[in-house]
Amino acid sequence: MHETEQVPALEVVMTKLHAGGKFDNKSYKVSGGLHGVGVSVVNALAEFLEVEVYRDGKIYFQRFERGDKVTELKVIGETAKKGTKIRFRPDPDVFETWILILKPCPAE
């Protein structure tokens with residue numbers, strides 16, 4: 001739990017701007033980028049974003065849609081892994097898809 005926000009630290013990092021944690025002695029324990037905006041912006045601009053955290057022998061999971069929490073942080077399994085996996089889809093209401101077809105230059 002985040003001490004001041006009273007929600008899981010993962011939720012703070014994923015939804016609050018300036019939630020960076022790299023400038024003190026607890027660096028990288030709760031960080032959303034150098035100044036705490038990177039991952040929260042990706043989350044806000046994503047149709048969906050899912051996070052799995054591998055820590056303390058457990059797999060934690062939380063899902064967000066367009067920056068809003070849609071599930072609580074929950075344990076979904078056990079693991080020996082350590083780290084974080086993030087899966088997201090850019091929001092098509094924000095981003096356009098461009099398809100470039102490259103053709104070889106004609107021989108001169």
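Qualifying side chain to side chain contact (heavy atoms under 4.5 Å, CB included) partners for Ala44, counting only residues two or more places apart in sequence or in other chains: none. Every residue two or more places apart in sequence or in another chain that forms a side-chain hydrogen bond (donor to acceptor under 3.5 Å, both in side chains) with Glu72 is listed here: Lys69. Residues that satisfy the side-chain hydrogen bond (donor to acceptor under 3.5 Å, both in side chains) test with Glu50, not counting sequence neighbours, are Arg63, Arg87. With sequence neighbours left out, Asp68 forms a side chain to side chain contact (heavy atoms under 4.5 Å, CB included) with no residue at all. With sequence neighbours excluded, no residue forms a side-chain hydrogen bond (donor to acceptor under 3.5 Å, both in side chains) with Tyr60. Not counting sequence neighbours, the partners of Ile76 by the side chain to side chain contact (heavy atoms under 4.5 Å, CB included) test are Glu52, Ile59, Phe61, Lys74. A search for salt bridge (Lys or Arg N to Asp or Glu O under 4.0 Å) contacts involving Asp93 returns Arg66, not counting sequence neighbours.
Considering all non-hydrogen atoms of both residues, Val39 and Ile86 come closest at CG2-CD1, 4.0 Å. Looking at every heavy atom in both residues, Leu73 comes nearest to Pro8 through CD2-CB, 3.6 Å.
Side-chain contact check for Lys82 versus Arg55: every heavy-atom pair is 4.5 Å or farther apart. Taking 4.5 Å as the limit, some side-chain heavy atom of Met14 sits within range of a side-chain heavy atom of Val51. Taking 4.5 Å as the limit, every side-chain heavy atom of Leu45 sits out of range of all side-chain heavy atoms of Asp91.
Residue-environment remark: CD (Glu78) stays at or below the threshold of 12 foreign heavy atoms within 6.0 Å.
Grouping Ile, Leu, Val, Met, Phe, Trp and Tyr by side-chain contacts under 4.5 Å, direct or through others, leaves Val70 on its own. Through ILVMFWY side-chain contacts below 4.5 Å, Phe48 is grouped with nothing and stands alone.
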### Task
May I have the step-by-step check of side chain to side chain contact (heavy atoms under 4.5 Å, CB included) for Asn43 and Phe88, ending in yes or no?
CA-CA 8 Å; Asn43 189 20; Phe88 71 96; over 6 Å; no
